[in-house]
Amino acid sequence: MRLGLALGYWGRRPDPRHVELARHAERLGYHSVWTAESWGSDAFTPLTWIAAHTRRIRLGTAVAQMAARSPAATAMHALTLDHLSGGRLLLGLGLSGPQVVEGWYGRPFPDSPLTATREYVEVVRRVLRREAPVVLDGRYHPLPYQGPGATGIGKPLRSITHPLRPDLPVLLGAEGPRNVAQTARIADGWLPLYWSPARAGMYADALAEAPKGFMVAPMAQVRVCAAGELAEGLRPVKTMLAFYIGGMGHASHNFHAALMGRMGYAEAARRIQRLFLAGRREEAVGAVPDAFADEISLVGPRERIAERLALWRTGPVTDLLVMAPDPDALTLLAELNS
């Protein structure tokens, strides 16, 4: 199982530690470093900066949001950064949800998310393969565009720039069973949310068609603490979960809360949502079950983390993306995984 460093997206301002953390991870032999975007910093620009300060470590987006760019624009970002980094990009994409797509990007959320995702990936693939001008008779991403307001003179085009790698890896963030199954068919990897080694079997059918070399790369927060401080060590994990489950989606349409429910915590998810949406955020954090936060993270003293890390190796996970702002935690994981 390879290790990756997950840096996420910026908060109020850039984190000055990110470049040095990436360099430290590269020295430790980490395979990849990943950035994200929500409604603030973008995923590609920080990766470009990190690429300029590293040499070998792969550069991943986990995830770049599909609604933020047309598929052709995303392919342009990807092929550009792949050239600049010497072929190190891993393109992770995600659809997000209605609140973000319509509230931030000002676009309608697709009524058939699987179709929209499939078309998006197909356009990206065709741009990168550069076999012919890109034409797609798509419902959501038609090229050339011939819908309302079109001039009728749109021309199929082929990228001026020759991509460095026509087979640049494309990964998808997917949560629902049908979405995960489609990911196994059309992508090179999957970026799971809330991965629990104890529940790997819930995805067995969806991953049955995954090809050889298919990446399964979940994220896990890593916090090293004394045995008696486990509850405090779980606090950052619970804070993150409360935000995603309570605030990253509408009360009636929240993919993250639905996933928590499928994992056996439906009532807790509803309570977290109610508290968060009522402005009672501290109570929402407290409502996240310790058991749920614990099973999707690596928290505790060295011996406990080593024992639990062994569980992550027993399933289909190929890459563990470590969320840890502490260089010592990155070093510990590298030692335990060697």
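Heavy-atom basis, side chains included; hydrogens, waters and symmetry copies ignored. In this chain, residues are counted from 1 in sequence order.
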Verify, without hydrogens or angle tests, whether S41 (side chain) and W10 (backbone) share a donor-acceptor contact under 3.5 angstrom. yes
Exercise: do T314 and W312 side chains pair donor with acceptor under 3.5 Å: no
Say whether L5 and L333 are linked into one hydrophobic cluster, either directly or through other cluster members, by side-chain heavy-atom distances under 4.5 angstrom. yes
Starting from L332, can I reach Y30 by hopping between I/L/V/M/F/W/Y residues whose side chains sit under 4.5 Å apart? yes
Is a donor on one side and an acceptor on the other found under 3.5 Å between the side chain of E175 and the backbone of P192? no
Angle between ring planes, W39 versus F243, binned at 30° and 60°: parallel, tilted or perpendicular? tilted
Under 3.5 Å, sequence neighbours excluded: what are the donor-acceptor pairs made by side chains of residues 197-215?
residue	atom	partner	partner atom	Å
R199	NE	E295	OE1	2.7
R199	NH1	M263	O	2.8
R199	NH2	M263	O	3.3
R199	NH2	E295	OE2	3.2

Under a 4.5 Å side-chain heavy-atom rule over Ile, Leu, Val, Met, Phe, Trp and Tyr, are V124 and L79 clustered together? yes
What distance separates Y105 OH from S96 OG, expressed to the nearest 0.5 Å? 7.0 Å
Is there a side chain to side chain contact (heavy atoms under 4.5 Å, CB included) between L93 and L171? Walk through the geometry before answering. CA-CA 6 Å; L93 302 171; L171 299 88; over 6 Å; no
Under 3.5 Å, is there a donor-acceptor pair linking the side chains of R88 and T54? yes
If we only count heavy atoms from C-beta on, is the R178 to P113 side-chain gap below 4.5 Å? no
Please confirm whether the backbone N or O of G92 pairs with a side-chain atom of T61, one donor and one acceptor, at under 3.5 Å? yes
Do the side chains of M1 and T318 get nearer than 4.5 Å, heavy atoms only? no
Under 3.5 Å, is there a donor-acceptor pair between the side chain of H18 and the main chain of P14? no
Could you give all pairs that pass the ring-ring contact (aromatic ring centres under 6.0 Å, His included) test and reach residues 130-164, with sequence neighbours left out? Y120-H141
Between L136 and E119, is there a side-chain heavy-atom distance shorter than 4.5 Å? yes
Spell out, as yes or no, whether a donor-acceptor pair under 3.5 Å connects the side chain of W190 to the backbone of A174. yes
Of the non-hydrogen atoms in K238 and V288, which two are nearest, and what is the gap between them? CE-O, 2.9 Å
Nearest 0.5 Å, what's the CZ-CZ distance between R129 and R165? 15.0 Å
Are L168 and L84 connected in a single hydrophobic cluster, I mean Ile/Leu/Val/Met/Phe/Trp/Tyr linked by side-chain heavy atoms less than 4.5 Å apart? no
Report yes or no: does N254 contribute a side-chain atom to a donor-acceptor pair with the main-chain N or O of I245 at less than 3.5 Å? yes
Can we call the ring centroids of F292 and Y194 under 6.0 Å apart? yes
Taking Q65's backbone N and O only, do any of them form a donor-acceptor pair with E37's side chain (distance below 3.5 Å, no angle check)? yes
E102 side chain vs P108 backbone, donor-acceptor pair below 3.5 Å: no
Within the 4.5 Å heavy-atom criterion, are S32 and L321 side-chain neighbours or not? yes
Do side-chain atoms of T45 reach the backbone of D42 as a donor and acceptor pair under 3.5 angstrom? no
If only side-chain N and O atoms count, and only distance matters, is there a donor-acceptor pair under 3.5 Å linking Q221 with R223? yes
Tell me, with the steps shown, if R235 and E282 meet salt bridge (charged side-chain N to carboxylate O under 4.0 Å, His left out). CA-CA 11 Å; R235 176 78 181 182; E282 282 301 308; 2.4 Å; yes
Write down the atom of A51, the atom of L59, and the distance for their closest heavy-atom approach. CB-CD1, 3.5 Å
Going by side-chain hydrogen bond (donor to acceptor under 3.5 Å, both in side chains), name the residues that satisfy it together with E131, two or more places apart in sequence or in a different chain. none
Any pair counted as ring-ring contact (aromatic ring centres under 6.0 Å, His included), so long as it reaches residues 72-93, sequence neighbours left out: F44-H77
Distance in Å, M76 CE paired with S70 OG, rounded so as to fall on 0.5 Å steps: 8.0 Å
Pick out which of R302, E307, R308 makes a side-chain contact (heavy atoms from CB on, under 4.5 Å) with R304. R308
What's the shortest heavy-atom distance between A22 and V33, and which atoms? CB-CG2, 4.2 Å
If you group Ile, Leu, Val, Met, Phe, Trp and Tyr whenever their side-chain heavy atoms sit less than 4.5 Å apart, what else falls in with L311? none
Could you tell me the separation between the CG atom of L191 and the OG1 atom of T183, rounded to the nearest 0.5 Å? 9.0 Å
Measuring from I272:CD1 to L277:CG, what's the distance to the nearest 0.5 Å? 11.5 Å
One should read off an interatomic distance between L81 CG and L89 CG, to the nearest 0.5 angstrom, of 5.0 Å
If you link ILVMFWY side chains whenever their heavy atoms are less than 4.5 Å apart, which other residues fall into the same cluster as V135? By chain and number, please. none
Do D328 and T331 have side-chain N/O donor and acceptor atoms under 3.5 Å apart? no
Quick check on the hydrophobic clustering: are V100 and M240 connected, directly or via other members, by side-chain heavy-atom contacts under 4.5 Å? yes
Within the distance-only criterion (no hydrogens, no angle test), does the side chain of T35 pair as donor or acceptor with the backbone N or O of A43 below 3.5 angstrom? yes
Do R2 and N337 meet the criterion of a side-chain donor-acceptor pair at a distance under 3.5 Å? no
